[in-house]
Amino acid sequence: MLLFLSVPQPRPPGARTRARASRVARWRRQRLHRLRGLLRGLRGRPGTGSRRRSRMALCGQAAGAASLPSELIVHIFSFLSAPDRLRASASCSHWRECLFYPALWPQLRISLRVSPAEQPRLEFLMRKCGWFVRELRVEFAAENYLSGGGGPGDGADTGGGGEEVEALQLSTRWLEVLHTYLELVLCVLVSIRNNRIQQLFEEILSNSRQLRWLSCGFMLEIVTPTSLSSLSNSIANTMEHLSLLDNNIPGNSTLITAVELERFVNLCSLALDFCDFTAEMARVLTDSNHVPLQRLSLLVHNVSVMHKSLDNMPNDEHWKALSRKSTGLRVYIMAFDIKSEDMLKILKPSIPLERIHFDSYITCVSGAIVDLISRQYDKFLSHFILMNDVIDTSGFPDLSDNRNEDPLVLLAWRCTKLSLLAIHGYTVWAHNLIAIARLRGPDLKVLEVTEESIDFDQGELADQDVDPVHNLIEQVSLGLGQPWHAVMDIESLSVFTEPNRHFYREMQSFSEGI
């Protein structure tokens with residue numbers, strides 16, 4: 001391959017003469033003058049009709065604005081700002097058709113209020129531009145998030161209910177705003193599904209010659225069930241990592257089938273939706289022609305579980321066979337709002353589970369699930385993340401309720417390889433947190449517990465000689481062998497604010513660590 005670079009020679013100061021600058025300015029004025037003259041002629045001012053007809057005569061007939069070629073109209077539009085283009089397009093239907101020529105809109109920025117009244121305007125723009133725009137920015141104004149609807153800031157008299165009525169009204173208002181916001185976002189996503197970027201993505205796959213790592217995580221439906229068919233057999237045979245994560249795939253669609261997986265004989269790392277990882281896929285990975293799989297990341301999402309069945313997932317025998325073939329296999333699971341009964345079906349004893357991340361907005365993880373994990377995966381588990389964002393004024397759920405031993409303490413005692421523990425939205429008693437730090441010691445590299453999740457028993461609070469908070473910080477720091485403090489600002493944790501991105505980033509490092 002030859003590469004030619006044109007390197008400009010440096011100019012001494014003042015080399016650009018005043019004459020050259022004047023020529024450039026004169027050329028720009030002439031071009032602007034010609035454009036203004038053309039636009040004045042198209043406006044059809046009184047008294048200029050005969051001259052305009054004589055200048056714009058075409059094949060002996062008078063030519064109006066509607067008779068101009070589309071290329072010329074688009075060229076004229078290219079000199080105008082977006083508001084001027086809209087005004088100029090009102091001259092006739094032909095000009096209006098040229099307004100949404102793809103070359104004129106490489107970028108599109110839309111500012112919206114979170115209101116149902118914005119839906120028609122957004123649908124129109126997405127219908128016109130959604131299939132070709134290369135950069136799309138949609139901004140939602142925040143001024144109406146808490147306005148109207150009896151929110152706490154509207155000055156209404158809440159009566160005897162007081163704070164409970166205010167909380168109910170605020171919750172109702174937020175649900176309405178959230179529903180409207182999701183409807184508008186869905187309008188955008190549905191429109192860009194047919195964007196040419198899908199075609200470009202498949203062209204890249206079909207033209208690839210040396211591809212070892214293909215990671216497509218949460219790409220807004222750019223990856224389709226037919227995308228992998230664009231890969232040649234030679235590329236599929238040499239692929240080492242494949243990540244196909246998208247919880248927006250509707251119905252029973254899947255991004256890869258067991259038949260397609262047979263081509264990827266050198267796959268060392270795989271990331272999929274859990275409902276797509278079937279028993280047949282597990283069987284394919286245990287075939288003798290496949291290299292041992294080292295990393296398997298699975299996303300268990302409540303939307304996927306609702307639309308797909310768990311009946312086809314691997315059973316314990318499939319996991320045993322896969323572990324025998326791949327002795328170094330480690331599994332990473334992230335579960336979004338999964339019910340306890342579904343998790344009991346998913347957590348087979350033979351899964352070599354190294355990392356698990358629970359993130360809940362509706363459901364809560366039970367103490368029985370935590371106890372099951374600590375008993376089944378004590379040899380492998382190194383990362384345990386427990387996040388809960390349920391709005392409940394009665395307090396966070398207590399996993400140790402009605403139990404002699406706290407499940408989190410048992411987790412720290414049984415799982416000797418535990419190096420990361422992060423908790424938010426579940427009650428963690430201060431004395432149990434001290435016990436966890438002492439059990440794992442310096443081997444527990446990361447212990448992140450939000451301040452609002454920590455609670456103290458009455459005995460600790462009644463002791464006037466000891467500050468319970470200071471004592472907690474001191475004892476946990478001594479147990480871990482390093483300075484420790486509770487997480488004060490939950491928003492600083494990406495695992496809480498952006499769980500999808502956190503899982504994708506951790507999955508990447510998990511797969512790279514082979």
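The model shown is predicted, which means the values in this text are computed figures rather than measured ones. Numbers here simply count residues along the sequence, with the first being 1.
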Worked check of side-chain contact (heavy atoms from CB on, under 4.5 Å) between M507 and M334
CA-CA 10 Å; M507 180 273 297; M334 182 171 190; over 6 Å; no

Verify side-chain hydrogen bond (donor to acceptor under 3.5 Å, both in side chains) between S511 and S269, making sure each step is shown before the conclusion.
CA-CA 6 Å; S511 299; S269 174; 2.8 Å; yes

Output, in order, the C-alpha distance, side-chain angles, deciding distance and verdict of side-chain hydrogen bond (donor to acceptor under 3.5 Å, both in side chains) for S229 and T226.
CA-CA 6 Å; S229 61; T226 61; 5.1 Å; no

Yes or no on side-chain contact (heavy atoms from CB on, under 4.5 Å) for T278 and R283, after CA distance, side-chain angles and deciding distance?
CA-CA 9 Å; T278 61; R283 186 200 62 77; over 6 Å; no

With side-chain contact (heavy atoms from CB on, under 4.5 Å) as the test, would you mind laying out the steps for N302 and D342 before giving the verdict?
CA-CA 10 Å; N302 64 325; D342 290 330; over 6 Å; no

Is there a salt bridge (Lys or Arg N to Asp or Glu O under 4.0 Å) between D276 and K308 once you walk through the steps?
CA-CA 9 Å; D276 293 340; K308 301 178 182 180; 2.8 Å; yes

Apply side-chain contact (heavy atoms from CB on, under 4.5 Å) to the pair M313 and K348, showing each step before the final yes or no.
CA-CA 10 Å; M313 66 179 180; K348 303 299 181 183; 3.9 Å; yes

Pair D371-R414, salt bridge (Lys or Arg N to Asp or Glu O under 4.0 Å): steps then yes or no
CA-CA 10 Å; D371 187 64; R414 292 168 176 161; 2.9 Å; yes

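Under the rule for a ring-ring contact (aromatic ring centres under 6.0 Å, His included), F384 has no partner lying at least two apart in sequence or in another chain. For W413, there are no ring-ring contact (aromatic ring centres under 6.0 Å, His included) partners at least two apart in sequence or on another chain.
Each of L231, L270, N266 was evaluated against M239; a single residue qualifies, L231, per the side-chain contact (heavy atoms from CB on, under 4.5 Å) test. Tested against H357, the residues H383, H502, H424 include a single ring pair (Phe, Tyr, Trp, His ring centres under 6.0 Å) partner, H502.
Minimum heavy-atom separation, R355 to L353: O-CD1, 3.3 Å. Minimum heavy-atom separation, I436 to A412: CG2-CB, 3.9 Å. Counting all heavy atoms, side chain and backbone alike, Y426 lies closest to V365 at OH-N, 2.9 Å. For G425 against P397, the heavy-atom pair with the smallest separation is O-CD, 3.3 Å. Taking every heavy atom of both residues into account, V284 and A258 meet most closely at CG2-O, 3.9 Å. Counting all heavy atoms, side chain and backbone alike, Q475 lies closest to I434 at CB-CD1, 3.7 Å.
In this structure, S477 contributes its side chain and P483 its backbone to no donor-acceptor pair below 3.5 Å. For S509 (side chain) and E506 (main-chain N/O), a donor-acceptor pair under 3.5 Å exists by modelled atom type. With hydrogens and angles disregarded, no donor-acceptor distance shorter than 3.5 Å links the side chain of H307 to the backbone of S304. A donor-acceptor contact shorter than 3.5 Å is absent between the side chain of S326 and the backbone of G328. A donor-acceptor pair under 3.5 Å links the side-chain atoms of T254 to the main chain of I256, judged by distance alone. Using modelled atom types, no side-chain atom of S382 and backbone atom of K417 make a donor-acceptor pair closer than 3.5 Å. With hydrogens and angles ignored, the 3.5 Å screen pairs no side-chain donor or acceptor of E448 with any backbone N or O of V487.
We find the CG-OG distance between D406 and S400 to be 4.5 Å, quoted to the nearest 0.5 Å. From L386, atom CG reaches atom CG of L408 across 6.5 Å, with rounding to the nearest 0.5 Å. Here the OG1-CD distance, from T427 to E452, works out to 10.5 Å after rounding to the nearest 0.5 Å. In this structure, CG on L399 lies 12.5 Å from CH2 on W429, to the nearest 0.5 angstrom. Distance check: S208 OG to E203 CD gives 11.5 Å after rounding to the nearest 0.5 Å. Atom NE2 of residue H485 and atom CG of residue L472 lie 12.5 Å apart, to the nearest 0.5 angstrom.
Using a 4.5 Å heavy-atom threshold, the side chains of L298 and D273 count as separate. Q508 places a side-chain heavy atom less than 4.5 Å from the side chain of H241. Taking the side chain as every heavy atom from C-beta outward, V291 and C268 approach each other to under 4.5 Å. Residues L299 and F503 meet the side-chain proximity criterion, which asks for heavy atoms closer than 4.5 Å. Residues D337 and D359 have side chains not in contact (no heavy-atom distance under 4.5 Å, counting atoms from C-beta outward). Side chains of I338 and T363 form no contact here, defined as non-hydrogen atoms less than 4.5 Å apart. L421 is not listed as a side-chain neighbour of R440, based on a closest heavy-atom distance of 4.5 Å or more. You'll find the side chain of L296 stays beyond 4.5 Å of the side chain of L272, heavy atoms only.
Within 6.0 Å of the CE atom in M306, the count of heavy atoms belonging to other residues, nucleotides or ligands exceeds 12. Counted within 6.0 Å of NZ on K339, heavy atoms from surrounding residues, nucleotides or ligands total 12 or fewer; the atom is thus considered open. No more than 12 heavy-atom neighbours from other residues, nucleotides or ligands sit within 6.0 angstrom of CD on Q458.
Aromatic pair W319/Y377: centroids not less than 6.0 angstrom apart.
The aromatic rings of F510 and Y332 sit perpendicular, their planes meeting at an angle over 60°, well past the 30° parallel limit.
Evaluation of the side chain to side chain donor-acceptor pair (under 3.5 Å) test over residues 288-297, restricted to residues two or more places apart or in two chains, returns none.
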